[in-house]
2 protein chains.
Amino acid sequence: MKRERATIHDIAKKLDITASTVSRALKDHPRISEATKKAVLKEAKNLNYQPNHIAAALRIGRSKIIGIIVPTADRSFFSSVVRGIEEIANASQYNVMICQSYDIFEKEVATIEALINARVDGIIASYAKGTESFDHFIKVKDKGIPLILFDRSNEDIGVSNVILDDYRGAYEAVNHLIKQRCKRIAHLTGIKKISIYNERFRGYREALLDNGLSFDESLVIESDMQLEDGIESMKKLLSLPVLPDAVFAASDYSAMGAMQALKERNIRIPEDIALVGFGNEPFTRFSEPQLTTVDQRSKEMGNATAEIFLEQVGGLRKPFVPKKTVLKPELIIRKSSLKKG
Amino acid sequence: MKRERATIHDIAKKLDITASTVSRALKDHPRISEATKKAVLKEAKNLNYQPNHIAAALRIGRSKIIGIIVPTADRSFFSSVVRGIEEIANASQYNVMICQSYDIFEKEVATIEALINARVDGIIASYAKGTESFDHFIKVKDKGIPLILFDRSNEDIGVSNVILDDYRGAYEAVNHLIKQRCKRIAHLTGIKKISIYNERFRGYREALLDNGLSFDESLVIESDMQLEDGIESMKKLLSLPVLPDAVFAASDYSAMGAMQALKERNIRIPEDIALVGFGNEPFTRFSEPQLTTVDQRSKEMGNATAEIFLEQVGGLRKPFVPKKTVLKPELIIRKSSLKKG
DNA sequence: TTTTTATGCGCAATCGATTGCATATTAAAT
DNA sequence: ATTTAATATGCAATCGATTGCGCATAAAAA
């Protein structure tokens, strides 16, 4: 069964021409006659020839592969971004190599190394929660490999990035709660070090102040933003002398945790406490009540990063100017925050 | 900034030795003196050398890359399998290239082509819903490229595969419902062509018969198993003259749809109608009530496929014997099926 | 008819790492 | 002091595709 893989040399031998001609014929080179082109194509089919990208990559110096690093593909946000990247990249004959850092710094560094060694033509990444130093990213940039960051990003690296206007998303979410006549709005936030959480916090705070509400530090709970953290954080809020009448969680996961904690105590959502998450994860449509949340435009984010990548490889010779793209989030209003009347 | 990438020749030149020696030194070849090894390693660091996997791959004939094809990485089941594959593969210096077929046959064929051209060392796949012909898989096999299928598989291709004992999972789920004193159990099933749905259907049916319950064709609704289909299917069931007292859905998505339809009609779960899904998707923990479901052992499935892959590349010379692995599912009992008393 | 210009294809080097075989040097054995 | 064995490294081909340069042959222009 296991016949040897045919090469352009095999085709050449059969037709009594050289590999150069075959190579050119396959690429539809103008200096090759139509007759030989046809013959080559026919023989290629006959021998079941399939080009060896590895050989070409070595010669050309481009692998036509984009490396993608995400904390985890398990999260619909990231897989959706990947989908957006693929859409654009595939159209330009690029394949993607998806890698997961599992939010571990060391794994991220190792992955970068692996991708460089695999000679990917570029890297698109969203860095790990545990990432403190950005030297590994700077190394990529210094090697002249196009690097684009999305969602989680850092200005200091000096590369192009695509992010969401987290501030605005949070602002609108809180604004919406205020319009629902909520007066005492709590906030579940993540590690401040990560800019997205910091931005969402800012949006929360500003919305309060702009609407004449006071900012109360005791209503802000910081955690790791997983489901369990949401439960814990909500319990803390429920032990306050005066309960909040709304909670804006900076992640859907923690929002779901909060929802479970509320249900356990038989607190009505949204009548007693309204709830808003962030991320528009698929499960937010499945909860009871369905969760109001902020859509992160994941597919568009993927599209945008891929387009920036293509621009950069296209203009590798030109002086490089980092480009920042900010996407506008969309508030998805559902029952968890809609008070009647 | 963009200094040229160093090669073994650069290292060789600096140390006034040949590339052969450098290559061997880097691989810790026994016939190279410790002194030169040290010198080479030092100079490699100094020049910031990083091996070019592409060149090695071309020479060796192995890329150290495994191609993975999944319908969509958006689904936690698949991304979890991928994670399981990576765990094992990375430990053996393999990288993975994840591709999505989006459940489209043509895309799947094109992806196979791309992976072959990229000279991956093997392909691990779960085929698309739309896949009718398996010639593209057979082509992979005939080229001598290790191919392992998981979850969705087909005996006729003659390759190793790892599947879940869907029959057993369904049987246990229905058995559990019967123990909860349900007597009239409906079933939401997918396209029969896909073996997993057929197996789940068989398990459902057998469990009924084994427990002395009759099988009623009118209680089985076939659909595409998405959330919306679940809603539709449940509505059909609710329009029957005699209502079921339980529903076993062959996918969590359709189960969630059914749950929504039931809530809309104010039918109590599980008191009036108990509900069981299949897949243990993360959102099943977030629903109210939490959904009883069947865990598909996704991580173990990934581990198993990767291990089989490693076995196969290890023994490429030996005669190939397809290996079938069947994993035991686990019933996760939650509130949606637990009747009191 | 001679000169120009296209046209079609071959030669050989190249990309970077690997490896069988040969060779030089040194150490051990006789 | 030879011969033998062990040690350390070099030579050169190879993996498959690409491409600048050059050389024919044929067609067009002078």
Side-chain angles (χ1 to χ4, degrees), chain A residues 3-41 43-44 47-65 93 114 116-121 143-144, chain B residues 3-41 43-44 47-65 93 114 116-121 143-144:
Chain A
R3 34 182 166 162
E4 291 305 310
R5 318 261 250 275
T7 73
I8 53 171
H9 292 95
D10 299 324
I11 301 178
K13 215 166 289 170
K14 284 265 186 182
L15 299 176
D16 202 35
I17 53 180
T18 64
S20 326
T21 306
V22 174
S23 172
R24 292 189 174 105
L26 289 173
K27 297 185 65 193
D28 204 31
H29 191 285
R31 296 286 280 273
I32 301 294
S33 72
E34 288 305 318
T36 38
K37 277 180 191 170
K38 241 164 230 164
V40 167
L41 247 39
E43 193 59 34
L47 291 178
N48 194 19
Y49 167 78
Q50 296 205 233
N52 186 329
H53 283 357
I54 299 225
L58 176 59
R59 178 63 229 257
I60 305 297
R62 290 186 295 125
S63 61
K64 281 288 184 177
I65 294 176
Q93 277 80 250
I116 292 177
N117 293 350
R119 292 299 188 271
V120 295
D121 289 349
K143 275 186 187 288
Chain B
R3 36 185 164 160
E4 292 305 311
R5 317 260 251 276
T7 73
I8 53 171
H9 292 95
D10 300 324
I11 300 177
K13 215 166 290 171
K14 285 265 187 183
L15 299 176
D16 203 36
I17 52 179
T18 64
S20 326
T21 306
V22 174
S23 173
R24 292 189 174 105
L26 290 173
K27 297 184 65 192
D28 204 30
H29 186 113
R31 294 288 279 273
I32 301 294
S33 71
E34 289 305 319
T36 38
K37 277 180 191 170
K38 243 164 226 162
V40 166
L41 248 38
E43 193 58 34
L47 291 179
N48 194 18
Y49 167 78
Q50 297 204 235
N52 186 328
H53 284 356
I54 299 224
L58 176 60
R59 176 64 228 259
I60 304 297
R62 289 186 296 125
S63 61
K64 280 289 185 176
I65 294 176
Q93 278 79 252
I116 292 177
N117 293 350
R119 293 299 189 268
V120 295
D121 289 349
K143 277 187 186 288

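Numbers restart at 1 for each chain; the letters A, B, ... are given by sequence-line order, proteins then strands.
Separating the NZ atom of B:Lys27 from the C1' atom of C:dT18 is a distance of 7 Å, rounded to the nearest angstrom. If you measure from atom CG of A:Leu26 to atom C1' of D:dT19, you get 15 Å, rounded to the nearest angstrom. The NZ atom of B:Lys37 sits 12 Å away from the P atom of D:dT7 (whole-angstrom rounding). Atom P of nucleotide D:dA17 and atom CZ of A:Arg119 are separated by 21 Å, given to the nearest angstrom. Here D:dC11 presents its C1' atom at 12 Å from NE2 of B:His9, a figure rounded to the nearest Å. Counting to the nearest Å, the C1' atom of C:dG8 and the CD1 atom of A:Ile17 are 11 Å from each other. The CZ atom of A:Arg31 sits 17 Å away from the P atom of C:dC11 (whole-angstrom rounding). As rounded to whole Å, 17 Å separates atom C1' of D:dA17 from atom CG of A:Asp28.
Among the protein residues, A:Ser20 comes within range of the nucleic acid bases, having at least one heavy atom under 4.0 Å from a base atom. Within the nucleic acid shown, A:Ile60 comes within 4.0 Å of sugar-phosphate atoms alone, with no base atom in reach, counting heavy atoms only. As judged by a 4.0 angstrom heavy-atom cut-off over every strand, A:Ile54 is placed among residues making no nucleic acid contact. Note on B:His53: nothing from the nucleic acid sits closer than 4.0 angstrom, heavy atoms only.
Comparing B:Thr36 and A:Asn52 by the nucleotide of DNA chain D whose heavy atom lies nearest to each, the residue mapping closer to the 5' end is B:Thr36. Positionally, the nearest nucleotide of DNA chain C for A:Ala19 lies more toward the 5' end than for the other of B:Tyr49 and A:Ala19.
Side-chain N or O atoms of A:Lys37 include one that pairs as donor or acceptor with a backbone N or O of A:His29 at under 3.5 Å.
Here the shortest heavy-atom pairing between A:Ala12 and A:Ala19 reads CB-N, 3.7 Å. Across A:Ile32 and A:Thr21, no two heavy atoms sit closer than the pair CD1-CG2, 3.9 Å.
Under 3.5 Å, the side chain of B:Arg24 and the base of C:dG20 form at least one donor-acceptor pair of N or O atoms.
Contact check, B:Thr21 against D:dG10: a side-chain N or O comes under 4.0 Å of OP1 or OP2.
Using a 4.5 Å heavy-atom threshold, the side chains of B:Ile54 and A:Asn117 count as separate.
In the model, B:Ser23 has no side-chain atom that pairs as donor or acceptor with a side-chain atom of B:Ser20 under 3.5 Å.
With distances taken from any side-chain atom of B:Arg59 to the nucleotides D:dG16, C:dA17, D:dT9, the minimum falls on C:dA17. The listed nucleotides are C:dC11, D:dT18, D:dA8; the one nearest the side chain of B:Ser33 is D:dA8.
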